[in-house]
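Whatever order the structure lists ligands and atoms in, that order sets their numbers, starting from 1.
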Amino acid sequence: MAVKHWKMLIGGQEVDAPGAEPIPVENPANGQVIATVPAGDASHVDAAVAAAHKAQREWGARTPTERAIVLEKFARLLRERLPEFIDCEVEQIGRPIREMRAQVSRLPEWYEYFSAVARTHEGRVHPFGGPYVNYTRRQPLGVVGLITPWNHPMLILTKKLAPALAAGNAVVVKPSELAPITPLMLADVFREAGLPEGVYNVITGYGAAAGKALSEHPDIQKIDVTGGTETGRHIGAAAGRNLAGFAAELGGKASVLVFDDTDIDRAVSGALFASFIAAGQTCVQGARLLVQESIYDQVVSRLVERTRNLRLGDPADINTEIGPVVCQRQLDRVMDYINIGRSEGATVAVGGERPGGALADGYFLQPTVFTNVKLGMRVEQEEIFGPVVCAMPFRDEAHAIELANATNFGLAGSVWTRDIARAHRVAHSLEMGIVWINDHHRIDPSSPWGGFKESGVGKENGIVTYEAYTRTQSVVVNLSDEPFDWFDENKAVEKRYS
Ligand code: NAD
């Protein structure tokens with residue numbers, strides 16, 4: 001059966017790249033090509049940026065309330081069409097349908113939240129002094145480039161898109177080459193909601209071509225990227241050369257800290273949830289499991305048991321708990337790390353192999369727990385981005401904090417304890433942008449999300465993100481009717497300059 005060839009979206013038009021080999025999009029559960037998309041290049045980025053600038057003038061001139069009305073309608077329409085988006089996410093990235101139902105169903109909330117922020121956001125009056133009134137107003141930035149990864153194709157796009165549009169910007173999106181379909185599908189919903197053509201543009205293509213051209217484009221006012229830390233460095237350098245704004249959500253190596261006053265079953269369920277949803281392919285994956293030594297053996301043996309029983313299978317089946325990783329390259333990368341861990345002296349307590357049988361055609365891999373892990377091993381320091389967790393014991397609170405902070409990443413972590421003072425004390429000592437207490441992975445459009453250290457720059461979600469998609473104009477008004485002439489030669493010098 002012929003697979004569908006999608007086209008890019010530039011200024012409301014569907015545009016192909018006939019000169020370039022189309023990019024195949026695979027279903028990771030069986031390796032079959034489900035669609036193709038154009039390999040866009042710098043010429044397409046140029047056209048999209050130009051179309052976006054034209055459209056932004058009208059969109060940005062609307063009042064925040066007028067923009068909110070469009071985005072609220074978009075949220076309603078998206079909610080009606082969720083099943084087709086959920087099914088496509090499952091097909092293009094292999095995430096189990098139970099995860100994608102939970103995640104994608106919440107996305108209309110982002111548009112509702114940022115519509116509400118736009119409707120209610122107030123300017124400020126500043127204590128300027130003298131006979132002056134000074135107020136500031138927020139304006140859109142103009143055209144922003146959004147570069148997104150494959151692991152949560154719609155969620156991550158939504159976290160950037162909702163505040164960018166609510167604030168009056170036009171966007172050029174460069175989705176991951178592995179998962180470009182749902183961003184293209186959104187065009188239809190935006191059209192129906194009444195978003196002016198050219199405000200939402202999508203250029204499909206590879207990072208080294210389309211992504212690079214977008215990040216280097218001189219007419220982009222801001223680049224917002226989610227991806228690996230090295231990708232973030234390249235894009236940040238390009239943005240810096242153009243003096244464009246820059247926000248980046250990058251890699252992670254999250255720790256799960258389990259203290260000995262915790263209910264063990266609850267902590268084990270939490271660790272499983274932290275480590276293995278999305279087959280471990282989330283930036284906040286609980287990749288380092290730090291357990292107080294008095295309960296270490298108990299927690300690890302229960303975790304190993306539960307991990308062994310996780311149901312791998314067809315992601316479209318509601319009973320499946322763990323799907324494949326996204327592609328052959330990712331599978332090879334994770335298997336390489338498992339071998340590196342073994343050669344470093346860590347022990348595979350469970351997993352570490354590829355399942356055979358009906359799953360042999362997909363990029364499946366057994367969820368894996370390493371024990372006998374030493375601080376500084378590559379498996380416990382580097383981002384693997386797969387279903388692999390490294391367990392390590394800690395002596396006391398200070399040791400737990402020391403281990404948790406002993407990484408170049410600083411995105412997120414979770415603290416499992418029933419001691420309320422310790423929960424907050426430890427959270428405040430962690431060099432991480434997000435800390436959950438007795439939970440993991442939780443997200444809300446109102447709650448700032450973003451990493452410290454090599455995990456990123458800037459935030460997603462919350463009022464800070466709306467503001468980061470605006471520029472501030474300061475208006476200074478002289479209220480005095482007194483004549484003023486700095487160069488009045490008739491006035492004595494002492495009077496003029498006193
Ligand atoms: P990636 O860095 O390979 O690609 C991300 C995007 O950048 C893709 O669209 C890609 O085409 C583009 N790109 C790649 N090189 C580029 C370049 N030189 N110039 C411009 N664009 C370029 O990342 P990925 O494999 O798609 O996603 C996984 C990574 O994303 C992991 O490191 C993960 O931790 C990170 N991530 C972070 C968060 C967060 O919130 N901090 C969330 C999800 C994923």
Side-chain angles (χ1 to χ4, degrees), residues 23 25 28 37 39-42 45 92-93 95 103 145-160 172-180 183 202-217 220 223-241 244 246-254 277-287 325-334 337 382-386 407-413 432-434 441 443 447-461 465:
I23 302 175
V25 181
V37 295
D41 60 24
V45 170
Q92 69 176 349
I93 52 168
R95 296 270 308 268
Q103 182 176 93
L146 309 181
I147 299 181
T148 56
W150 48 265
N151 63 329
H152 312 281
M154 281 187 78
L155 169 67
I156 289 173
L157 177 57
T158 299
K159 287 198 285 176
K160 302 180 191 302
V172 178
V173 178
K174 208 304 277 172
S176 166
E177 51 274 35
L178 296 174
V202 185
I203 301 296
T204 53
Y206 295 106
K212 185 165 178 287
L214 183 59
S215 57
E216 291 176 350
H217 204 288
I220 291 279
I223 286 277
D224 191 338
V225 56
T226 296
T229 294
E230 281 317 303
T231 302
R233 285 188 212 279
H234 284 294
I235 296 175
R241 278 193 293 277
F246 176 61
E249 297 297 333
L250 307 175
K253 191 82 181 177
I277 64 162
Q281 303 165 113
T282 79
C283 48
V284 295
Q285 184 226 7
V325 297
V326 76
C327 63
Q328 183 69 49
R329 206 169 128 234
Q330 194 67 15
L331 180 64
D332 293 344
R333 177 189 160 91
V334 181
Y337 269 110
E382 297 175 16
E383 185 180 48
I384 298 175
F385 221 59
T407 142
N408 292 334
F409 295 111
L411 183 54
M432 299 169 186
I434 308 156
H441 283 302
I443 188 168
S447 173
W449 175 285
F452 296 168
K453 295 157 78 177
E454 293 187 5
S455 289
V457 176
K459 295 285 173 200
E460 289 177 330
N461 299 341
T465 301

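Relative to atom 36 (N) of ligand 1, the option among G207, A254, C283, C327 with the closest non-hydrogen atom is C283. Of the candidates G227, P175, P149, it is G227 that places a heavy atom closest to atom 29 (C) of ligand 1. For atom 18 (N) of ligand 1, the nearest non-hydrogen atom from the set E249, H234, R233, K159 belongs to H234.
Nearest non-hydrogen protein atom to atom 40 (O) of ligand 1 is W449 NE1, 3.0 Å. Among all non-hydrogen protein atoms, the one lying nearest atom 5 (C) of ligand 1 is T226 O, 3.6 Å. Ranking the protein heavy atoms by distance from atom 20 (C) of ligand 1 puts G211 C, 3.2 Å first. Remark: minimum distance from atom 26 (O) of ligand 1 to any protein heavy atom is reached at W150 CD1, 3.0 Å. For atom 41 (N) of ligand 1, the closest non-hydrogen atom of the protein is L250 O, 2.9 Å. If you check which protein heavy atom lies closest to atom 8 (C) of ligand 1, you get T148 O, 3.3 Å. Scanning the protein for heavy atoms near atom 7 (O) of ligand 1, the closest one is I147 CG2, 3.3 Å. For atom 33 (C) of ligand 1, the closest non-hydrogen atom of the protein is F385 CE1, 3.2 Å.
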Exercise answer: donor-acceptor pairs, residues 147-157 side-chain atoms, under 3.5 Å, sequence neighbours excluded:
{"residue": "N151", "atom": "ND2", "partner": "Q281", "partner atom": "O", "Å": "3.1"}
{"residue": "H152", "atom": "ND1", "partner": "R95", "partner atom": "NH1", "Å": "3.0"}
{"residue": "H152", "atom": "ND1", "partner": "Q103", "partner atom": "NE2", "Å": "3.0"}

Show me the donor-acceptor pairs within less than 3.5 Å that the side chains of residues 233-241 make with the rest of the protein, sequence neighbours left out.
{"residue": "R233", "atom": "NE", "partner": "E230", "partner atom": "OE2", "Å": "3.0"}
{"residue": "R233", "atom": "NH2", "partner": "E454", "partner atom": "OE1", "Å": "3.4"}

Practice task
Check the pair K253 / S455 against side-chain hydrogen bond (donor to acceptor under 3.5 Å, both in side chains), numbers first and verdict last.
Solution key: CA-CA 9 Å; K253 191 82 181 177; S455 289; over 6 Å; no
Practice task
Step by step, work out the side chain to side chain contact (heavy atoms under 4.5 Å, CB included) result for L250 and F409.
Solution key: CA-CA 9 Å; L250 307 175; F409 295 111; over 6 Å; no
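Not one N or O of N151 is nearer than 3.5 Å to an N or O of ligand 1, by distance alone. For the pair V225 and ligand 1, the shortest N or O to N or O distance does not fall below 3.5 Å. For ligand 1, one of its N or O atoms has an N or O atom of E177 under 3.5 Å away. Residue T229 has no N or O atom closer than 3.5 Å to an N or O atom of ligand 1. Remark: ligand 1 and I156 share no N or O pair separated by less than 3.5 Å (distance only, no angle test). Of the polar atoms of T231, at least one N or O is found under 3.5 Å from an N or O of ligand 1, judged by distance alone.
Of the candidates K459, K174, K160, D224 forms a salt bridge (charged side-chain N to carboxylate O under 4.0 Å, His left out) with just one, namely K160.
Minimum interatomic distance between G433 and F452 (heavy atoms only, all atoms of both residues): CA-CE2, 3.6 Å.
Within the 4.0 Å heavy-atom criterion, neither part of E230 lies near ligand 1. With a 4.0 Å cut-off on non-hydrogen atoms, E383 touches ligand 1 through its side chain and not its backbone.
Distance check, rounded to the nearest 0.5 Å: CD of E382 to OH of Y337 gives 3.5 Å. One distance of note links CD1 of I434 with CG of L411; it measures 5.0 Å at 0.5 Å rounding. Here T229 contributes atom OG1 and E249 contributes atom CD; the two are 10.5 Å apart, rounded to the nearest 0.5 Å. The structure places CG of N461 at 8.0 Å from CH2 of W449, a figure rounded to the nearest 0.5 Å. Atom CZ of F385 and atom CD of Q330 lie 7.0 Å apart (nearest 0.5 Å).
Residue K212 has at least one heavy-atom neighbour below 4.0 Å for each of these atoms of ligand 1: 19 (N), 20 (C).
Side-chain contact between I93 and L178 is absent, with no heavy atoms from C-beta onward closer than 4.5 Å.
Residue S176 places a heavy atom under 4.0 Å from ligand 1.
Under a cut-off of 6.0 angstrom, the local environment of CZ in R333 is crowded, with over 12 non-hydrogen atoms contributed by other residues, nucleotides or ligands.
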